[in-house]
Amino acid sequence: MPKPRKRLAGAAGPTGPDNKGPAGKRTKTKNPVGTSATLGNSSPEKTSASKNCGKNLSSYWLMKSEPESRLEKGVDVKFSIEDLKAQPKQTACWDGVRNYQFTNGLCSGQCLHTSLGVLAKARNFLRAMQLGQEAFFYHSNCKEPGIAGLVKIVKEAYPDHTQFEKNNPHYDPSSKEDNPKWSMVDVQFVRMMKRYITLAELKTHYQAHKTTGGPLKNMALFTRQRLSVQPLTREEFDFILSLEEKEPS
DNA sequence: GCCAACGTTGGC
DNA sequence: GCCAACGTTGGC
């Protein structure tokens, strides 16, 4: 399969999703969210995550999506930020995440920052996302990978319906309807970056920061390369935003 | 529970 | 299209 698109694991969603979008795209899907998107209640899991260690949870994220066409089981996984903007309400569900990267609950003992090096998993990160939090929309597996824009979480984790759809590339026969393995969240377009921040530029800073102790020194994009949904610290998020105002390095 | 084989991600 | 990194699977 191509890439992971979005995967999430949810399992907690209170209501069944009704969106049926086209199959997922890589990282994100773009299903119109209309009806189901308005339920923003957090699942029990999330709630407990927030209670247990909310102060340590990340509030900023980076989500990868593929802006160029690629077939996965016959389905095009392409989903660029322009595709997101074209959705009703500029909102889409981020489905297809099928990576547990974390097997623990986010809060079993430690919290994100300290556990990053050891635990990280896209699925659990998805479940940790909270309403209103912002994420960078990253274009991966393309000519010029990089951060294209900003999105925000408009619906917290709920079951990813694509896991039950046999012809969906993200079908998971081992997942039961009464105990879904995978979740998804809904994201809404916020704005484009003032300029496209390329992976190459981020990498230059990352490498410099490793020696200077700068804000990107532990950035997950480089230290956990295969995570399709990853947390950012506030320092990482703010530093990347500050790059918008500067000339590309 | 170890670890080799295999599959996937994603930059280049 | 190649291939490195790394997650997952399954034999033992």
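Order of the sequence lines sets the chain letters (A, B, ...), proteins ahead of strands, with each chain counted from 1.
Straight-line distance from the NZ atom of A/Lys73 to the C1' atom of B/dT8: 12 Å, rounded to whole Å. Between A/Leu221 atom CG and B/dG11 atom C1' the separation is 10 Å, expressed in whole Å. Note: CZ (A/Phe125) to P (C/dG7) measures 12 Å, nearest angstrom. What separates NZ of A/Lys143 from P of C/dG1 is a distance of 12 Å, to the nearest Å. Atom CG in A/Asn124 sits roughly 14 Å away from atom P in C/dG7 (whole-Å rounding). The distance between atom CG of A/Leu202 and atom P of B/dC12, rounded to the nearest whole Å, is 11 Å. In this entry the distance linking NE2 of A/His139 with P of B/dG11 reads 12 Å, nearest Å. At whole-Å resolution of the value, CG in A/Leu62 and P in B/dG10 are 11 Å apart.
Checked for salt-bridge contact, A/Arg191 and A/Glu244 meet the test: a charged N lies under 4.0 Å from a carboxylate O.
Of all nucleotides listed (C/dA5, C/dG7, B/dG11), C/dG7 comes nearest to the side chain of A/Arg224. With C/dA5, B/dC12, B/dG10 as the candidates, the nucleotide lying closest to the side chain of A/Leu199 is B/dC12.
Checked by atom type, the side-chain pair A/Asp76/A/Ser69 shows a donor-acceptor distance below 3.5 Å. A donor and an acceptor atom, one from each side chain of A/Asp238 and A/Tyr60, are nowhere located under 3.5 Å apart.
Heavy-atom neighbours of A/Lys210 NZ from other residues, nucleotides or ligands within 6.0 Å: above the threshold of 12.
OP1 or OP2 of B/dC12 lies within a sub-4.0 Å distance of a side-chain N or O belonging to A/Lys203.
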